[in-house]
Enquirer: 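The structure is given below, and queries will be raised subsequently.
Just so it is clear, the values below take in all heavy atoms, side chains as well, and ignore hydrogens, waters and symmetry mates. Note that ligands are numbered from 1 as they come in the structure, with each ligand's atoms numbered from 1 the same way.
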Amino acid sequence: MPGRTSSFPLMVATLFTFLAAAAFANESAQKPNILIIVADDLGYADLGFQGGKDIPTPHIDSIAAGGARFTNGYVSGPYCSPARAGLLTARYQQRFGHEFNPGGEGGGGGGNGIGLPLSETTIANRLKEAGYVTGLVGKWHLGAGPKHHPQQRGFDEFFGFLGGAHTYFDKQEASMLRGTTKVAEPEYLTDAFGREAVSFIDRHQKQPFFLYLAFNAVHTPMEANNDRLARFSSISSKSRQTYAAMLSAMDDSVGKVLAALKNARLEENTVIFFISDNGGPTMQGTTINASSNAPLRGSKRTTLEGGIRVPFLIHWKGHIPAGTVYENPVIQLDIQPTALAAAGISVKTDWKFDGVNLLPYITGKSTEQPHDTLYWRLGEQNAIRQGDWKLVQYDRTADNDSSRNVTAPKLYNLKDDIGESRDLAATHPEKVAELEKQWKAWSKELANPLWGGSRRAANNQK
Ligand SMILES: [Ca+2]
């Protein structure tokens, strides 16, 4: 019967159409995973894609090669905790008084009751509300007390430590936390964080996940294991050799995480961010880790480029063209709005974000600048960047001056002078006045610092 013979292919075709539609619906309903990888105190010059030669970083380099690299990527503070507070809130951290590192918690946390103010909502809160499973592996540094614990700030899972720094060999101390339970960690810490990140991805590959992988590498203490030290036996400086081994360990762990995503076929459904929380500590007054910020001047703790301009990447296979190089200034405050946009979450105006969604800019849909102006304040130090101009007052120890006061306002044109070596303030007084006025208007919007540092000095600037 003709009707029958013709109906079978029709049924098959209909079935295939149905299955294809269902598969598409499933795919489009699956929100992209968000992975934020943070390095700690990384030197600007030390990764392969940044021009580094002596320390191979093939896995981090592959994120750059496969995605977008920012050549003017900044963080909103030259210290660990403030930069992380800005990262997780998408707001200048000085708006809520988180201008300085929370004192007394640097070594592991005594729970002195201070941390990321409870008024603030984190990216983990928002993604969790949108149905994501959320995890932090690594360093927190946003409060060590019970109220500030990561699992009170939007994270379903936590493995790591609460303070600002930690030894890499934890065999006897049982000072890692899984949730709120102390556990002993037999592995070298950077390897342990890689292992835990892979485990998180493996366990949650069937649902949208947000993983914040916050390494303490390459922050002090300078500790590496022997097999990695052996990789760098040709480096004559012992401290640089140790730094190289520590960075190589982080790259190994990043490689394992990328392999886990690939094995789970999640490469096209995962947005990966990579950034350092601040510049390398190369200067007196910081605990130096043998990093290099060349060709930038300054260090962690300063508002010179060496403190605030960092390696910064976004990777989203199939959505961001491989090998994209984006030159306009961007900042770590942009990470949350970009992640939320990828996840299809609308940003509400009352969230008062300072960051913006970078996707239209890096894909060429918008040719505008993401930011007209970027601002910094750390006590008496300050900076403002507008176009290629930067006006800055920085800690005088950067000029080997024994006084701890800041310099007079100095004006640099970063297009021709990335190393901030030619002060143009005297020849461009009108530009100095204009930028000073704008910076002061921004500073007036900020809160008084809740703790630490030159609180009075910051207040005096208002
Ligand atoms: Ca840091």
Side-chain angles (χ1 to χ4, degrees), residues 36-47 50 60 73-89 93-94 98-109 115-116 136-144 150 160-168 189-190 193 212-223 239 242-243 246-247 249-250 253-254 273-293 296 298-313 331-333 335 376 378-379 381 395 398 452-453:
I36 302 177
I37 304 172
V38 174
D40 198 348
D41 288 14
L42 186 58
Y44 190 72
D46 293 328
L47 299 172
Q50 292 285 96
I60 302 171
Y74 288 95
V75 284
S76 56
Y79 263 124
C80 308
S81 182
R84 288 158 198 256
L87 168 67
L88 294 193
T89 60
Q93 64 277 359
Q94 304 94 333
H98 204 128
E99 189 159 333
F100 300 101
N101 271 344
E105 298 188 348
L116 179 67
L136 163 59
V137 172
K139 162 172 161 174
W140 178 234
H141 208 192
L142 293 173
F161 65 94
L162 296 173
H166 203 283
T167 177
Y168 291 84
L189 199 56
T190 304
F193 290 159
Y212 174 36
L213 174 54
F215 289 104
N216 58 318
V218 287
H219 195 294
T220 54
M222 302 305 290
E223 296 174 345
S239 57
T242 306
Y243 175 82
M246 292 168 73
L247 176 51
M250 184 170 71
S253 276
V254 169
F273 299 87
F274 177 89
I275 197 164
S276 179
D277 68 340
N278 50 252
T282 57
M283 196 177 92
Q284 202 182 6
T286 57
T287 312
I288 291 168
N289 70 351
S291 54
S292 167
N293 294 322
L296 310 179
S299 159
K300 172 181 180 176
R301 193 171 67 75
T302 73
T303 48
L304 286 163
E305 295 290 281
I308 56 175
R309 193 195 286 218
V310 293
F312 187 1
L313 307 171
I331 193 162
Q332 105 282 20
L333 308 175
I335 288 178
W376 292 265
L378 184 80
Q381 294 189 78
D395 192 312

Enquirer: Return the NE2 to CG distance between His141 and Asn101, rounded to the nearest 0.5 Å.
Expert: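 Atom-to-atom, His141:NE2 and Asn101:CG are 4.0 Å apart.
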Enquirer: Just to the nearest 10 degrees, tell me the angle at the Ca ion (ligand 1) spanned by Asp277 OD1 and Asn278 OD1.
Expert: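 Value, to the nearest 10 degrees: 80°.
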Enquirer: So which N/O/S atom does Asp41 have closest to the Ca ion (ligand 1)?
Expert: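 Nearest N/O/S atom: OD1.
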Enquirer: Would a 4.5 Å heavy-atom cut-off, applied to side chains only, mark Trp376 and Gln381 as touching?
Expert: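 A side-chain contact under 4.5 Å is absent here.
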Enquirer: Check Asp40 and report its N/O/S atom nearest to the Ca ion (ligand 1), by atom name.
Expert: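 It is OD1 of Asp40.
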Enquirer: Between Arg84 and Val38, what is the shortest heavy-atom contact and its length?
Expert: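 Looking at all heavy atoms of both residues, the shortest contact is NH2-CG1, 4.0 Å.
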Enquirer: Has His219 got an N, O or S atom lying less than 3.0 Å from the Ca ion (ligand 1)?
Expert: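 Short answer: no, not a single N, O or S atom is under the cut-off.
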Enquirer: Just so I know, are the side chains of Tyr44 and Pro311 near enough to count as touching, which here means a heavy-atom distance under 4.5 Å?
Expert: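 When only atoms from C-beta onward are counted, Pro311 and Tyr44 do touch, with a gap below 4.5 Å.
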